[in-house]
Amino acid sequence: MSTSHPDTLDSRLTPKMSADSGTGSSKMLLSSPHPSRLKYLSLGVLVLQTTSLVLTMRYSRTLKEDGPRYLASSAVVSAELLKILICTFLVFKESNFSVRLLKEEIVNKPVETMKLAIPAGIYTLQNNLLYVALSNLDAATYQVTYQLKILTTALFSVSMLGKRLGFYQWLSLLFLMGGVTLVQWPTESEGDAKKQVRSAGSQFVGLMAVLMACVSSGFAGVYFEKILKETKQSVWVRNIQLGLFGLVFGSVGMIVYDGERVRELGMFQGYNTVTCTVVALQALGGLVVAVVIKYADNILKGFATSLSIIVSTLVSYFLLEDFNPTGLFFLGALLVIAATFLYSKEGKPASGSAIKV
C-alpha cells in the first residue's frame, strides 16, 4: 500500500517477528483448528481486495464528473487516518481497551518510533505515485508492470541484507523483466487510439510512476524488514507508527502540491461513493496482507497476484473498456505470472534470514 501497499504494499506490513511475540493474532495462528480454511479464506480476501483497489482506483481517476476531481494527495491522507483508527481499535481490543501498550511502544520508545519515519515517508510517496500511474495506465498493464517490485525487492535484499537468491529466483527475475518489457512494448492499433482518448494522461508518465513506485516499494520493504528483525512489536502497533508518520508526510505533500485547491474547495472536494471506497480499500489493504502472511505463504501470495492480474485484465477489457489486449501483452503477462510462481518455488532464502510468524 498499500498502500498499501503498498503492496504495500505488502512488504510494508510483513510481520517479520518471532513466533513468541505474544500478540493475540500469533496465538490465534497457533490455536486455530482450521488453519487451511483460514489460509484459503485469507487468500480469497487478498485477491478480492487487490483487484478491487486497482479497478476502483482506475475507475475513479477516469470517471467523468461535473465537479472537480478528488485530490489523490487527499485520498492518501484519508487512507492513513482510517488505517490509524482501525489499528488503534485492534490494539485496544487486544489490550482490553487499555492505553498502556500504545504509551509503552510509541511514546516511551521515541527512538524506535523515529526509525519508521523513513519507510513511512517512502510509502507515502509510493501511494501518491500509484494514483499517478492509474491515472495514465489501464488496470491490466499497471498490475503486470507493478510486479517489478519483486525484482527491486530482491536486489535490495541482496545488497542491504546479504541474502542469497537461488537459481529459480534469478531465473524468475529474468522472466519478470522479459514479461514486463513485452507488456510495455509499443503497439499501434485502433483500440490503442481509443484507449488513449479514454486515459487521463500519457502512458509514459504512468510507466515512470510505476517504475518509481517499484523502486520505492523494494527499498522501503527491505529497510523496514531490516529494522524489524530485532523487534517484537505487534503488527498493529507498527502500522500505527507508520500511519502517524504517513499522515504527517501526506498532509505536508497535500499542502505543498494541492494547498491552493484545498483552500479553495476543501480537502474532500470531489469525494463520492467511489472515492470513499478507494480510500477504504487502500486503508484495509495492508491489514489484509498482514493477515494473509500470517495464515498463508509466498506461494499462495503468488496465486493471489496471478488471479488478480487475470481478473483485472478481464474487467478492464469487458467493463472499463480501456484495455485492448495484444499477443505481446498476453505473452508478457504469462511470463510475469510464471515468474511469480518460480520466485516462490525456491522456498526459504539461502541466507536463512526468514523469520517465523
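Residues Phe330 and Phe318 share a single hydrophobic cluster, defined by chaining ILVMFWY side chains whose heavy atoms lie under 4.5 Å apart. Hydrophobic clustering of Ile, Leu, Val, Met, Phe, Trp and Tyr side chains at less than 4.5 Å, counting indirect connections, unites Ile337 with Met177. Connection of Val248 to Ile240 is not established within any shared hydrophobic cluster, with ILVMFWY side chains joined at heavy-atom distances below 4.5 Å, either directly or through further cluster members.
Considering every non-hydrogen atom in both Ser316 and Ala139, the closest pair reads OG-CB, 3.3 Å. The minimum heavy-atom distance linking Val215 with Phe156 is given by the pair O-CE1, 3.6 Å. Nearest approach of Ser73 to Asp258, heavy atoms of both residues: OG-OD2, 2.6 Å. Between Cys214 and Thr145, the shortest heavy-atom contact is SG-O, 4.0 Å.
Between Tyr271 and Phe268, the ring center distance clears the sub-6.0 Å criterion.
Looking at Phe329 and Leu182, their side chains never come closer than 4.5 Å, going by heavy atoms from C-beta outward. Using a 4.5 Å cut-off on side-chain heavy atoms (C-beta onward), Leu244 and Phe249 make no contact. Looking at heavy atoms from C-beta onward, Met267 lies in side-chain contact with Ser78 at the 4.5 angstrom threshold. Thr152 places none of its side-chain heavy atoms less than 4.5 Å from the side chain of Phe219. Put simply, the side chain of Tyr146 reaches to within 4.5 Å of the side chain of Ser217, judged on heavy atoms.
No side-chain donor-acceptor contact under 3.5 Å links Arg164 to the backbone of Val158. Side-chain N or O atoms of Thr141 include none that pairs as donor or acceptor with a backbone N or O of Leu137 at under 3.5 Å. In this structure, the side chain of Gln169 engages the main chain of Gly166 through a donor-acceptor pair within 3.5 Å. Here the side chain of Arg261 pairs no donor or acceptor atom with the backbone of Leu71 at under 3.5 angstrom. Distance alone, capped at 3.5 Å, places no donor-acceptor pair between the Ser60 side chain and the Val274 backbone. In this structure a side-chain-to-backbone donor-acceptor pair under 3.5 Å is missing from Thr51 to Leu48. Here the side chain of Thr56 pairs a donor or acceptor atom with the backbone of Leu53 at under 3.5 angstrom.
Between the CG atom of Leu242 and the CG atom of Leu116 there is a distance of 5.0 Å, given to the nearest 0.5 Å.
Side-chain polar atoms of Thr340 and Gln147 form no donor-acceptor pair below 3.5 angstrom. Thr124 and Asn127 are not linked by any side-chain donor-acceptor pair at a separation below 3.5 angstrom, with hydrogens and angles left out of the test. Side chains of Glu264 and Gln269: a donor-acceptor N/O pair is absent below 3.5 angstrom, by distance only. Between the side chains of Asn136 and Ser202, no donor-acceptor pair is found at a separation under 3.5 Å.
Residue pairs meeting the salt bridge (Lys or Arg N to Asp or Glu O under 4.0 Å) criterion with at least one partner in residues 114-130, sequence neighbours excluded, are Glu112-Lys115.
Other residues sharing the hydrophobic cluster of Leu129, ordered by chain and number and joined by side-chain separations under 4.5 Å: Leu125, Met212.
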Practice item. Could you give me the CA-CA distance, side-chain angles and deciding distance for Val76 and Tyr131, then say whether side chain to side chain contact (heavy atoms under 4.5 Å, CB included) is met? Key: CA-CA 9 Å; Val76 170; Tyr131 278 98; 3.7 Å; yes
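Heavy atoms of other residues, nucleotides or ligands lying less than 6.0 angstrom from CE of Met160 number more than 12.
Ion pairing of Glu80 with Lys83 is present here, as a side-chain N (NZ or NE/NH1/NH2) and a carboxylate O approach within less than 4.0 Å.
For Arg61 and Tyr70, the positive end sits near the middle of the six-membered ring, less than 6.0 Å away and at most 45° from its axis.
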